[in-house]
Amino acid sequence: MTKVWDGFIRGFHWLLVAGLVTLYITGEEGMMDLHFVTGYLLLALMAARLIWGVIGSQTAKLSALFHSPKAILSAIKSKQSHVGHNPAGSLMVLLFFVLILVQLVSGLMTTDDILVEGPLAQYVSYDLVELAGDIHHTNIELLIAAIALHIFAIVVYRLKGQNLVKTLVTGKQENAVSTPVMKSSVVAYLIFIAIAVVLLFTWGAEPLQGLM
């Protein structure tokens, strides 16, 4: 068994799942204090992931996510396992990064013109606020569709004999073709905590008080 995912990448994945579920439910149920706090935590998590994609483990590198169309098509057809994300999986990761960041950033600029207002809404034009609101409500549908496609792909790869979920739980892969360079996840988690504290201190005081 070869370690292919460090602790932060594994934690990032499952924290992201929990955060997105919480974000969707709180948005639908109008639990806006928790919705905003969750959004700030997810924004910190995404920022830490992008930073870790530059300074982190080999399989966490953002550069490892970019592949040619030929490599992506080949990965879809092939049963061969890869260390880390294969080219097709990398494309899915990049799509998620874009959709999640669009959802989070647009949320910072939305308002219902009554009680709820994102922290950046006061700094941009009303037209941009309206556009951000439209994007925020439309993009969530695209994100849900991407999640459904992701789950479908996991099932397909499981039928091919590759248990992607188990690998992301244990961080280890059987019959890995190489041993990637791992780095300590402590640094990544400290970055996440630092960014989260800054965001909650700057923007999250009011929603946090609403939760108490």
Side-chain angles (χ1 to χ4, degrees), residues 1-23 38-76 78 80-105 143 146-147 149-154 156-158 160 162-199:
M1 298 288 282
T2 303
K3 187 174 181 179
V4 297
W5 297 119
D6 63 51
F8 179 70
I9 291 300
R10 286 179 282 141
F12 166 81
H13 181 274
W14 300 114
L15 286 172
L16 192 64
V17 170
L20 289 175
V21 170
T22 303
L23 208 61
T38 302
Y40 299 146
L41 291 175
L42 280 181
L43 189 59
L45 187 65
M46 286 299 300
R49 174 63 182 92
L50 294 177
I51 294 171
W52 195 238
V54 176
I55 67 174
S57 303
Q58 184 177 342
T59 49
K61 297 285 190 182
L62 295 177
S63 58
L65 298 176
F66 293 90
H67 301 275
S68 68
K70 182 179 179 180
I72 294 171
L73 289 175
S74 177
I76 293 174
S78 174
Q80 181 180 357
S81 62
H82 291 73
V83 174
H85 292 297
N86 68 21
S90 297
L91 183 64
M92 194 78 229
V93 172
L94 290 173
L95 176 62
F96 271 123
F97 281 3
V98 171
L99 291 176
I100 292 169
L101 287 172
V102 167
Q103 191 67 18
L104 294 173
V105 173
L143 188 52
I147 291 171
L149 179 60
H150 180 57
I151 294 172
F152 174 75
I154 289 173
V156 170
Y157 276 100
R158 186 67 185 92
K160 288 183 177 182
Q162 298 182 41
N163 193 335
L164 302 181
V165 174
K166 181 180 178 182
T167 302
L168 265 174
V169 171
T170 65
K172 297 179 180 180
Q173 180 179 330
E174 295 181 6
N175 304 317
V177 295
S178 62
T179 303
V181 178
M182 295 285 112
K183 293 189 178 181
S184 173
S185 298
V186 174
V187 175
Y189 280 113
L190 289 176
I191 292 171
F192 164 55
I193 292 170
I195 298 173
V197 168
V198 170
L199 290 180

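- Between Ala64 and Ser90, the closest heavy-atom pair is O-OG, 3.6 Å.
- When every heavy atom of Pro180 is checked against every heavy atom of Gln58, the shortest pair comes out as CA-OE1, 3.4 Å.
- Here the closest non-hydrogen pair linking Leu168 and Trp14 is O-NE1, 3.3 Å.
- A donor-acceptor distance shorter than 3.5 angstrom exists from the side chain of Thr59 to the backbone of Val4, with no hydrogens or angles considered.
- Residue Leu91 holds its CG atom at 10.0 Å from CG of Leu65, rounded to the nearest 0.5 Å.
- Between Trp5 and His85, the ring planes are tilted. Angles from 30° to 60° get that label.
- One finds the CG atom of Leu20 at 11.0 Å from the CG atom of Leu15 (value rounded to the nearest 0.5 Å).
- The main-chain N or O of Lys183 is found under 3.5 Å from a side-chain atom of Ser57 such that the two form a donor-acceptor pair.
- In this structure, the side chain of Arg49 engages the main chain of Ala60 through a donor-acceptor pair within 3.5 Å.
- When side chains are defined from C-beta on, Ile147 counts as touching Phe96, because their heavy atoms get closer than 4.5 Å.
- Side-chain atoms of Thr170 come within 3.5 Å of backbone N or O of Lys172 as a donor-acceptor pair.
- Considering every non-hydrogen atom in both Ala48 and Ile195, the closest pair reads N-CD1, 4.1 Å.
- You'll find the side chain of Leu42 stays beyond 4.5 Å of the side chain of Ile100, heavy atoms only.
- Atom CG of Leu16 and atom CG of Leu41 lie 12.0 Å apart (nearest 0.5 Å).
- The CG atom of Leu99 sits 11.0 Å away from atom CG of Leu94, with the distance rounded to the nearest 0.5 Å.
- Applying the side chain to side chain donor-acceptor pair (under 3.5 Å) definition to pairs two or more places apart or across chains, those involving residues 96-105 are Gln103-His136, Gln103-Asn139.
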Could you give me the CA-CA distance, side-chain angles and deciding distance for Leu95 and Leu149, then say whether side-chain contact (heavy atoms from CB on, under 4.5 Å) is met? CA-CA 11 Å; Leu95 176 62; Leu149 179 60; 5.5 Å; no

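- Legend: residues meeting side-chain hydrogen bond (donor to acceptor under 3.5 Å, both in side chains) with Trp52, ordered by chain and number and at least two apart, are Asp6.
- Residues Gly39 and Leu23 share a closest heavy-atom pair of N-CD1, 3.6 Å.
- Across every non-hydrogen atom of Leu62 and Leu50, the tightest pair is CD1-O, 3.8 Å.
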